[in-house]
Amino acid sequence: MRPVPELPEVETVRQGLAKWVTGRRITSVEVHHPRAVRRHLPGAEHFAAVLAGRTVVDVCRRGKYLWLPLDSGDAIIGHLGMSGQLLVQPPDAPDETHLRVRFRFADGGSELRFVDQRTFGGLAYSEGGAELPAEIAHIARDPMDPLFSDPDFVAGLRRKRSEVKRALLDQTLISGVGNIYADEALWRSRLHGLRPTDALTKPAATRLLAHVRDVLGEALVAGGTSFDALYVDVNGESGYFDRSLNAYGREGEPCHRCGAPIRREPFMNRSSYSCPRCQPRPRRGISPGTRSGG
DNA sequence: CGCGCCTCCTGTGTGC
DNA sequence: TGCACACAGGAGGCGC
C-alpha cells in the first residue's frame, strides 16, 4: 500500500524530478482530466499552451507542495494530494490507468506524467512564481528547512486555541506533516492529539517539535532510495512503513513501549492512533476562549 | 481573523 | 453473488 505523501515522500519525488527533468524544454502538454488542473482558472487549454516551449530550471518544495521554476520566471505548481504520482516514463510506456497530465520534452526522451487515482492532487501554472509561487506563500516552512524558526513555532503553537494534532496538521503553522507522521510524533511525545495547545509548556512543545523533526528525518532517510532507475515514485517499499511505525495503523497491536493495545479514534473524518496508556486523553478539552474581550 | 466542519474523489475491503 | 457502506485524508472554502 502506497502511503499518502507527506514531507519525506514529496522530498523524495522532488529529488527524483530534479535529476530527471531539470534543464529540459517542454514541447507539449496533454491534460487528460480537467480536475487535475482545476486550480488553474484559465483552464486546461491555457495550461497546456502557456507551458509549451518553456524549460524547467529547477525543482523546489514547500511543505507538501512542489514547484518547477521555468526559464520564463513562472512555475508549475504540483500537489500529490492523497494518491498523486509524478512519474518519469519512457515515451513508449503504456498510459497509466489514472494518467491525468503528460509532458513531452524537446529531447524526445522520457515523459513526465502526473498520475492520480483519487484526484485530490493537481497541477497549476503560477505566473511569476519561480522564486515562490504566490499560491503557496501561505504554507509555512517545514522543520527541516534551515530558515524554520523553532521559537516561532513553539510560540505559535502555544498561542493557538486548538488541539495539538490539529495544529500539527495546520500547514500554515508547520508544513509537511500529515496524519501518519503527526500520530508518530505524538506517540513519541506521549501526548494525546486532543491536548489543548495553549496548555502545553514550552519544554513540552519543544520536545514535540524535536520528535516531529526526528520522525520526518528518519522517514526521509528510509525513503531516500537511489534515482538510478528511470522511474520516480512515491514509494511504499521504503521499509519505514514496515518496521518503524509505532502508532499509525496499529489498532489492537501492542504499544512498542508499554504493551497496551493501540487504540483508534475518529478524528476529523479520519482516524487517530495512540497508546491509551502512554498517551492519556486530556481530562478537559481546550479552555474557553478569552479573546473576545478585545 | 481564528477556528473547525464540510466537501471533493475512487478503489478496496467487509458485512449481510 | 451482489449490494451498501466504511475507509483512506490533504486542503480549499466557508460559516460562525
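Computation of the quantities below employed the complete heavy-atom set of this structure, encompassing side-chain atoms and omitting hydrogens, waters and symmetry-equivalent molecules.
For the pair A/Y248 OH and C/dC7 P, the interatomic distance rounds to 12 Å; values are reported in whole Å. The CD-C1' distance, from A/Q117 to C/dA8, rounds to 10 Å in whole Å. Look at CG on A/L157: it is 11 Å from P on B/dC3, rounded to the nearest Å. Rounding to whole angstrom units, NZ of residue A/K165 and P of B/dG4 are separated by 14 Å. A straight line from CG of A/D116 to C1' of B/dT10 spans 10 Å, rounded to a whole angstrom. One can place CD of A/E9 at 11 Å from P of C/dG10, the figure rounded to the nearest angstrom. Whole-Å rounding puts the A/H138 NE2 to C/dG12 P distance at 4 Å. Residue A/R118 contributes atom CZ, which lies 7 Å from atom C1' of B/dT10 at whole-angstrom precision.
When the nucleotides B/dT7, B/dT10, C/dG10 are ranked by their closest atom to the side chain of A/N269, B/dT7 comes out on top. Minimum atom distance to the side chain of A/R39 is reached by C/dG12, of the listed C/dG10, C/dG12, B/dC8. Nearest to the side-chain atoms of A/R161 among the listed nucleotides B/dC3, C/dG10, C/dA8 stands B/dC3. Distance from the side chain of A/S162 is smallest to B/dG4 among C/dG10, B/dT10, B/dG4. Taking only side-chain atoms of A/R35, from C-beta outward, the nucleotide of B/dC8, C/dG10, C/dA8 with the closest atom is B/dC8.
A/F267 comes within contact range of no nucleotide atom at all, as no heavy-atom separation falls under 4.0 Å. If you check every strand for non-hydrogen atoms under 4.0 Å, A/R38 touches nothing. A/H33 comes within contact range of no nucleotide atom at all, as no heavy-atom separation falls under 4.0 Å.
Side chains of A/S271 and A/R264: a donor on one and an acceptor on the other come within 3.5 Å. For A/D142 and A/S175, the side-chain atoms include no donor-acceptor pair closer than 3.5 Å. A/T119 and A/R35 share a side-chain donor-acceptor pair at under 3.5 Å. For the residue pair A/H256 and A/N246, a side-chain donor N or O sits within less than 3.5 Å of a side-chain acceptor on the partner. Between the side chains of A/H32 and A/E96, no donor-acceptor pair of N or O atoms lies under 3.5 Å.
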Query - Candidate pair A/K160 and A/D170, rule salt bridge (charged side-chain N to carboxylate O under 4.0 Å, His left out), full reasoning - result: CA-CA 11 Å; A/K160 275 186 168 292; A/D170 176 0; 3.0 Å; yes
Query - Test salt bridge (charged side-chain N to carboxylate O under 4.0 Å, His left out) applied to A/R24 and A/D107, step by step - result: CA-CA 7 Å; A/R24 301 177 69 196; A/D107 54 24; 2.7 Å; yes
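OP1 or OP2 of C/dA8 lies within a sub-4.0 Å distance of a side-chain N or O belonging to A/Y273. For A/H98 and B/dC9, the shortest distance from a side-chain N or O to OP1 or OP2 is not below 4.0 Å. For C/dG10, the OP1/OP2 oxygens have no side-chain nitrogen or oxygen of A/Y181 closer than 4.0 Å.
Looking at A/E6, its side chain never comes within 3.5 Å of a backbone N or O of A/V177 through a donor-acceptor pair.
Each of A/K160 and A/R270 was matched to the nucleotide of DNA chain B holding its nearest heavy atom; the match closer to the 5' end belongs to A/K160.
Scanning DNA chain C for stems, defined as runs of 3 or more consecutive Watson-Crick or G-U wobble pairs whose donor-acceptor distances all fall under 3.5 Å, gives the following ranges: B:2-16 with C:2-16.
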